[in-house]
Amino acid sequence: MAIEENEFINNRLEKLSAIKEMGLDAYPPQTPDRLPIETLRAAGETENIMATSGRVMAKRKHGKTVFCDITDPTGRIQLFINKKNLSEESWDLLGNLDLGDIIWVSGNQFVTRTGELSVRVSLLLLLAKAVRPMPVVKTDADGEVHDAVSDPDFVYRHRCIDLMLNEESKNRFIARSKIISAMRNYLDTDDFLEVETPVLQQIYGGAAADPFVSFYNSMDEDCYLRIATELYLKRLVTGGMHRVYEIGKDFRNEGVDRTHSPEFTQLELYEAWTDYNGMMKRFEDIVQVAAKAANVGPVVKFGEFDIDLTPPFQRIPFVPTLHEKSGEDLFDWDTEKLTALAAKLGLGDEIKDRPTLLDKLFDHYVTPSLIQPSFVVDYPVELSPLAKQKTDDPRITERFEAFIAGLELANSFSEQNDPVYQRQVLETQALLSKIRKGVVDQEFLYALEVGMPPTGGLGIGVDRLVMVLTDARSIRDTILFPHLRQGQ
RNA sequence: GGGCCGCUAGCUCAGUUGGCAGAGCAUCUGACUUUUAAUCAGAGGGUCGGGGGUUCGAUACCCCCGCGGCUCACCA
């Protein structure tokens, strides 16, 4: 397929030809020595000849003088290009330069009449010709940005343009990278081992979500993209990897919205000899190091909210809080009564089971108020098949979910390690499965039968954490290449 | 999957109660040797998301489809 044709691209392709006719390589294989733009800025006015390179972001022609702004990841600097300082070849080349081109320049630096530090260019080279025009965004004297590229569809499909032009977006992805790096560093420093478990699985589990299904030709069998790493990581705890974690993609074949992506990044960690209380501390720690890495906190702005990330986070016990907010002892109600209430509240008229109803009602009565960092603790047992029951009340479990800004950021249990109990729960649950009815992960149960030490487990939605720390309104703004329909 | 909103030049957006398609930036030509949202003079640039219908005439009204956004549902 040839390059799309339009006036702008054709015009640039003609310039490209002209450059080639000058005997120049528009895409030379080497970059001559260069310094980052910030180094030139720091050097200030100087007679020394320095060289840098970057993308042409602005061009202001004044007859025999041309001002260009070029950028690299470290900053922006103005070029003062005057015909008398240049070879004829460089001057001719300048005539064929466009916004978006990548160039190399050298010269000394001086301050113009208007006070702008500028490179007095004496040598100009082309490093890469841009044949497609990029959107032009201008910032005025008041710092007001004009014509910003804001169409979400455009931005998601052409992330290279978004990163190039939208400071907020670029900074968000830099923050994301630093956040993940900081989480790794925190865990590695505390003797956690990072591992990789299968993405392509024959038996998926560890969460209640529909998987993406694929087919393994040479094995002649269906396989699944993982929905969680949980069941593999716990086998490693049994094996003696007592502090273990994985950061990776999970895939859930479910609806997409502001806080759900079919492909999302989760940190799961497991730690022996502790329980969900230990995991609360881990979560608080991780939020601290992540905020520091993102250069925010202790108070972060998220939309209309100011969120104070200072630990400890408040504990919200599931059942008592549900009772308090609803004014009824809902936990003691039967399914019929709960269904009637849910219907009355407009929470859907489909017949639901008791645990789902309780969860829905909790979402209705309590979740909206969980703006400041909160641990919802002690979930009903039916909602938590992989968690241990509390010793004093088997109807509830040692489980928490962490909420910030109303977003569910983490899920954690004191991991169930009773193999008999676990088998019974998983087998019951597997009978309800839509896709692989009755299939349970025998190897996971085998590991529990061998004996897993008491363990705390924690899963953190990394994309959502990035949302909170970078004030992103959609999870898609935290994912470089979010899934979009292809169209025609 | 449902509801609502949107799709107009490379980008950001106007617009037409149905009558020759608009602006700014960008591009091209010319002027300009310290500008910075450079300026000035001129020019080019459109399948008005796609298809069908109604109409003398549709970018606009109706239907179908595509893509996106918001929202509801689903997602322990």
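Residue numbers begin at 1 in each chain, while the letters A, B, ... track the order of the sequences. The analysis underlying the following values was restricted to heavy atoms, covering all of them including side chains, and did not include hydrogens, waters or symmetry mates.
Taking the six-membered ring for Trp, Phe80(A) and Phe67(A) have ring centres closer than 6.0 Å. A centroid separation of 6.0 Å or more is found between the aromatic rings of Phe375(A) and Tyr276(A).
Comparing rC40(B) with rU35(B), their P atoms are spaced 15 Å from each other, to the whole Å. Comparing rU29(B) with rU34(B), their C1' atoms sit 25 Å apart, to the nearest whole Å. For the P atoms, the distance linking rA41(B) with rU55(B) amounts to 48 Å, nearest Å. When the P atom is used for both rG57(B) and rG2(B), the distance is 34 Å, rounded to whole Å. Distance noted for atom C1' between rA21(B) and rG45(B): 12 Å (whole Å).
For Arg113(A), a side-chain nitrogen or oxygen approaches OP1 or OP2 of rU35(B) to under 4.0 Å. Residue Arg157(A) has no polar side-chain atom (N or O) positioned under 4.0 Å from OP1 or OP2 of rC67(B). Using a 4.0 Å cut-off, no side-chain N or O of Arg485(A) falls inside it from OP1 or OP2 of rG66(B). Between Lys15(A) and rU27(B) there is no side-chain N or O to OP1 or OP2 distance below 4.0 Å. At rC28(B), one or more side-chain N or O atoms of Asn11(A) fall inside 4.0 Å of OP1 or OP2 (strictly under the cut-off). Side-chain N/O atoms of Lys138(A) include one lying less than 4.0 angstrom from OP1 or OP2 on rA26(B). OP1 or OP2 of rA73(B) has not a single side-chain nitrogen or oxygen of Lys360(A) nearer than 4.0 Å. For the pair Ser150(A) and rC13(B), the criterion of a side-chain N or O lying under 4.0 Å from OP1 or OP2 is met.
Put simply, the side chain of Gln109(A) gets close to the backbone of Gly44(A): a donor and an acceptor are under 3.5 Å apart.
Closest to the side chain of Asp147(A), out of rU35(B), rU12(B), rG10(B), is rU12(B). Closest to the side chain of Phe8(A), from the set rU33(B), rU27(B), rG68(B), is rU27(B). For Thr112(A), the side-chain atoms get nearest to rU36(B) when compared with the rest of rU33(B), rC74(B), rU36(B). Distances were taken from every side-chain heavy atom of Leu386(A) (C-beta onward) to each of rC32(B), rA76(B), rG10(B); the shortest belongs to rA76(B). In the set rC75(B), rG69(B), rG68(B), rC75(B) carries the atom at the smallest distance from any side-chain atom of Glu254(A). Looking at the side chain of Glu116(A), the nearest of the listed nucleotides rU35(B), rG44(B), rG24(B) is rU35(B). Checked against rG44(B), rA76(B), rA38(B), the side chain of Leu383(A) finds its nearest nucleotide in rA76(B). Among the nucleotides rC28(B), rC11(B), rA26(B), the one closest to the side chain of Phe154(A) is rC11(B). Checked against rU35(B), rU33(B), rA37(B), the side chain of Gln78(A) finds its nearest nucleotide in rU35(B). Taking every side-chain heavy atom of His62(A) into account, rC32(B) is the closest of rU36(B), rC32(B), rU71(B).
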Report the C-alpha distance between Leu357(A) and Thr339(A) in whole Å, list the side-chain angles of each, state the deciding distance to 0.1 Å, and finish with yes or no for side chain to side chain contact (heavy atoms under 4.5 Å, CB included).
-> CA-CA 7 Å; Leu357(A) 286 163; Thr339(A) 303; 3.3 Å; yes
Under the side chain to side chain contact (heavy atoms under 4.5 Å, CB included) rule, what do Asp147(A) and Val136(A) come out as? Steps first, then yes or no, please.
-> CA-CA 7 Å; Asp147(A) 299 336; Val136(A) 176; over 6 Å; no
Apply the test salt bridge (Lys or Arg N to Asp or Glu O under 4.0 Å) to residues Glu415(A) and Arg399(A): give CA-CA distance (whole Å), side-chain angles for both, the deciding distance (0.1 Å), then the verdict.
-> CA-CA 9 Å; Glu415(A) 300 297 335; Arg399(A) 171 183 177 197; over 6 Å; no
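To the nearest 0.5 Å, atom CE of residue Met467(A) and atom CD1 of residue Ile475(A) are 6.5 Å apart. The CG atom of Leu338(A) lies 7.0 Å from the CH2 atom of Trp333(A); values are rounded to the nearest 0.5 Å. Interatomic distance, Arg258(A) CZ to Asp477(A) CG, rounded to the nearest 0.5 Å: 10.5 Å. A distance of 10.0 Å separates CZ in Arg235(A) from CG in Leu448(A), rounded to the nearest 0.5 Å.
Asp151(A) comes within 4.0 angstrom of sugar-phosphate atoms only, judged by non-hydrogen atoms across all strands, and of no base. Residue Gly206(A) is in base contact, counting any heavy-atom pair closer than 4.0 Å across all strands shown. When heavy atoms are screened at a 4.0 angstrom cut-off, Phe413(A) is found touching no nucleic acid atom at all. Among the atoms of the strands shown, none is found under 4.0 Å from any heavy atom of Glu144(A). Looking at heavy-atom distances under 4.0 Å, Thr139(A) makes contact with sugar-phosphate atoms alone, never a base. Within 4.0 Å of Ala148(A), counting heavy atoms only, lie sugar-phosphate atoms of the nucleic acid but no base atom. Using a 4.0 Å heavy-atom distance criterion, Asp153(A) is classed as a sugar-phosphate-only contact. Using a 4.0 Å heavy-atom distance criterion, Pro380(A) is classed as making no nucleic acid contact. Arg76(A) comes within 4.0 angstrom of no nucleic acid atom, judged by non-hydrogen atoms across all strands. Residue Tyr379(A) is classed as having no contact, given no heavy-atom separation below 4.0 Å to the nucleic acid. When heavy atoms are screened at a 4.0 angstrom cut-off, Ile161(A) is found touching no nucleic acid atom at all.
Leu127(A) is not listed as a side-chain neighbour of Ile103(A), based on a closest heavy-atom distance of 4.5 Å or more.
At whole-Å resolution of the value, CZ in Arg60(A) and C1' in rA38(B) are 7 Å apart. rU34(B) atom P lies 16 Å from atom NZ of Lys83(A), rounded to whole Å. Between the NE2 atom of His260(A) and the C1' atom of rA76(B) there is a distance of 11 Å, rounded to whole Å. Distance CG (Asp142(A)) to P (rU36(B)): 14 Å, rounded to an integer number of Å. Going from atom CZ of Phe110(A) over to atom C1' of rU34(B) covers 7 Å, rounded to whole Å. The CD atom of Glu14(A) sits 12 Å away from the C1' atom of rU27(B) (whole-angstrom rounding). Summarising the geometry, the separation between CG on Asp98(A) and P on rG10(B) is reported as 16 Å, rounded to the nearest angstrom.
A heavy-atom distance below 4.0 Å to RNA chain B is reached by these residues of residues 399-409 of chain A, ordered by number: Arg399(A), Glu401(A).
A tilted orientation is assigned to the rings of Phe331(A) and His323(A), their planes being inclined by 30° to 60°.
A stem is defined here as three or more consecutive Watson-Crick or G-U pairs, each with both distances under 3.5 Å; for RNA chain B these stems are B:1-7 with B:66-72, B:10-13 with B:22-25, B:27-31 with B:39-43, B:49-53 with B:61-65.
In this structure, Arg120(A) satisfies the cation-pi test against Phe110(A), with its NZ or CZ atom closer than 6.0 Å to the six-membered ring centre and inside 45 degrees of the ring normal.
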